[in-house]
Amino acid sequence: MSVPHSEIIRLAIAGAAGRTGRCVLGRAAVDERFTVVAALVAPGCAAFGEIGRDARHESAFTDSLDVECDMLIDFTVAAGTVAWLDVCVARAMPMVIGATGHDAAQRLRIERASRTIPIVVAANFSVGVQAVMKWVGQLARDLGTAYDVEIVETHHRRKRDAPSGTALSIAVAVADATGRTLEHSAVYGRFGATGERPAGEIGIHSVRMGEIVSRHEIHFSGPGETITVRHEGHSRDTFALGALRAAAWVVGKSPGLYTMRDVLDSPDPSA
Ligand code: NAD
């Protein structure tokens, strides 16, 4: 049963010294729903002990969670998720997972943990991207498999996984809407004598360059026309704000694996 949470939420942020984690830290610090009690970094991280300064709090970066807290937001890397997942399960504490690139075994661990704690997982916490994912399924359904689908994602040069979790989620939305599976229809880049493009393929392409925060383009090309849906993330604020909305939502929820769609389909009390 869902229990409404009226207290200030004591928040731990894992990956707090990273690009997105620092943004969550800054946004949480000026959000009256939260108080940041732990800014967690990887063991041996150079930022250990450094102060993450912001408007309301000064959070020292630390590598262990030894304070009382209500929930944890994870923007580490796939292996980091699993480490903090165990901590959350041991403390019966909700979790919001923003890190991406989990393999099948890691996804299984997240699914198992969600039998005992509530977890929101999203490859992209941007509200705009979530809306795109919803519309893209409808578009794919209307157009059908006569339209070729090509998904192109572009990110900064330091991104470690490809394709992006968001591109994969978009591809799943297209596949689900048109009775396909990624296993049988996805093609990741093309090279050499590929032959003609078979009908029904979903092409997924990754570009890595410069400082681009996040760009996703979904092209549908069919008889006489091409439709392109494009989302561009200009700053990590969009992820931070979405993750905080999910964090406020998940506290007090029953154990389960939730999506950002579950969060968005509930009224936003802070709006
Ligand atoms: P980053 O490399 O800047 O930050 C990751 C940080 O996590 C690093 O500082 C690293 O030292 C730290 N870390 C690694 N293991 C850790 C552990 N066990 N405990 C604590 N900290 C640990 O990367 P980034 O661009 O901030 O992205 C982080 C992750 O979030 C990536 O997987 C990325 O794909 C994902 N991401 C998701 C969204 C979303 O909306 N879901 C948005 C942006 C990024």
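Start at 1 and go down the list; that is how both ligands and their atoms are numbered. All values below were derived from every heavy atom in this structure, side-chain atoms included, with hydrogens, water molecules and symmetry-related copies excluded. Numbers here are sequence positions counted from 1.
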Query raised in the report: Would His205 and His219 count as a close aromatic pair, with their ring centres under 6.0 Å?
Result: no

Query raised in the report: Between the candidates Val77, Thr166, Thr81, Thr76, which shows the shortest non-hydrogen contact distance to atom 28 (C) of ligand 1?
Result: Thr76

Query - Matching residue for Leu72 among Leu40, Leu85, Val96 - test: side-chain contact (heavy atoms from CB on, under 4.5 Å) - result: Leu40

Report task. Counting heavy atoms only, name the option from Phe125, Trp84, Phe239 that's nearest to atom 19 (N) of ligand 1. Result -> Trp84

Query raised in the report: Relative to ligand 1, is Ala16 under 4.0 angstrom through side chain, backbone, both or neither, heavy atoms considered?
Result: neither

Report task. State whether the number of non-hydrogen atoms from other residues, nucleotides or ligands found under 6.0 Å of Arg157 atom CZ is greater than 12. Result -> no

Query - Closest approach of Leu11 to Met71 (non-hydrogen atoms, all atoms of both residues) - result: CD1-SD, 3.1 Å

Query raised in the report: Ion pair present between Glu7 and Arg33, side-chain N to carboxylate O less than 4.0 angstrom?
Result: no

Query - Among Gly18, Ser169, Ala79, Ala83, closest by any non-hydrogen atom to atom 8 (C) of ligand 1 - result: Gly18

Query raised in the report: Can you find an N or O of Arg19 that's nearer than 3.5 Å to an N or O of ligand 1?
Result: yes

Report task. Return yes or no for this condition: an N or O of Thr100 is under 3.5 Å from an N or O of ligand 1. Result -> yes

Report summary line: Per-atom filter on ligand 1: closer than 4.0 angstrom to a heavy atom of Lys159 are 34 (O)

Query raised in the report: So which protein heavy atom does atom 39 (C) of ligand 1 come closest to, and at what separation?
Result: Ala123 O, 3.3 Å

Report task. If you have a sec, work out which protein heavy atom is nearest atom 38 (C) of ligand 1 and how many Å separate them, to one decimal? Result -> Phe75 CE2, 3.5 Å

Query raised in the report: Got a sec: does the CZ of Arg112 have more than 12 other heavy atoms crowding it under 6.0 Å?
Result: no

Query raised in the report: Just to confirm, does any protein heavy atom lie below 4.0 Å from atom 10 (C) of ligand 1?
Result: no

Requested in this report: Output yes when Arg180 and Glu201 qualify as a salt bridge under the 4.0 Å nitrogen-oxygen rule, no when they do not.
Outcome: no

Query raised in the report: Among protein heavy atoms, which lies nearest atom 15 (N) of ligand 1, and at what distance?
Result: Ala42 CB, 3.8 Å

Report summary line: So the atoms of ligand 1 within less than 4.0 Å of a heavy atom of Gly98 turn out to be 30 (O), 35 (C), 36 (N), 37 (C), 38 (C), 39 (C), 41 (N)

Query raised in the report: Looking at side-chain heavy atoms only, is the closest gap between Ile97 and Ile110 below 4.5 Å?
Result: yes

Query raised in the report: Is a salt bridge present between Arg261 and Asp265, judged by a nitrogen-to-oxygen distance below 4.0 Å?
Result: yes

Query raised in the report: For ligand 1, is Gly101 a contact, meaning one of its heavy atoms is under 4.0 Å away?
Result: no

Query raised in the report: For ligand 1, which part of Ala122 has a heavy atom less than 4.0 Å away: the side chain, the backbone, both, or neither?
Result: backbone

Query raised in the report: Mind checking whether Gly21 has an N or O less than 3.5 Å away from an N or O of ligand 1?
Result: no

Report summary line: Numbered in order shown, the ligand 1 atoms found under 4.0 Å of a heavy atom of Gly80 are 18 (N)

Query raised in the report: Are Arg197 and Glu150 close enough for a salt bridge, meaning some N to O gap below 4.0 Å?
Result: yes

Query - Part of Thr20 within contact of ligand 1 (heavy atoms, under 4.0 Å) - result: both

Query - Donor-acceptor under 3.5 Å (Glu232 side chain, Arg215 main chain) - result: no

**Report entry** Closest protein heavy atom (residue, atom, distance) for atom 12 (C) of ligand 1
**Finding:** Gly15 CA, 4.1 Å

Query raised in the report: Ala17 to ligand 1: N or O pair under 3.5 Å?
Result: no

Query raised in the report: In terms of side-chain geometry, is the basic nitrogen of Asp86 or Arg109 positioned less than 4.0 Å from the acidic oxygen of its partner?
Result: yes

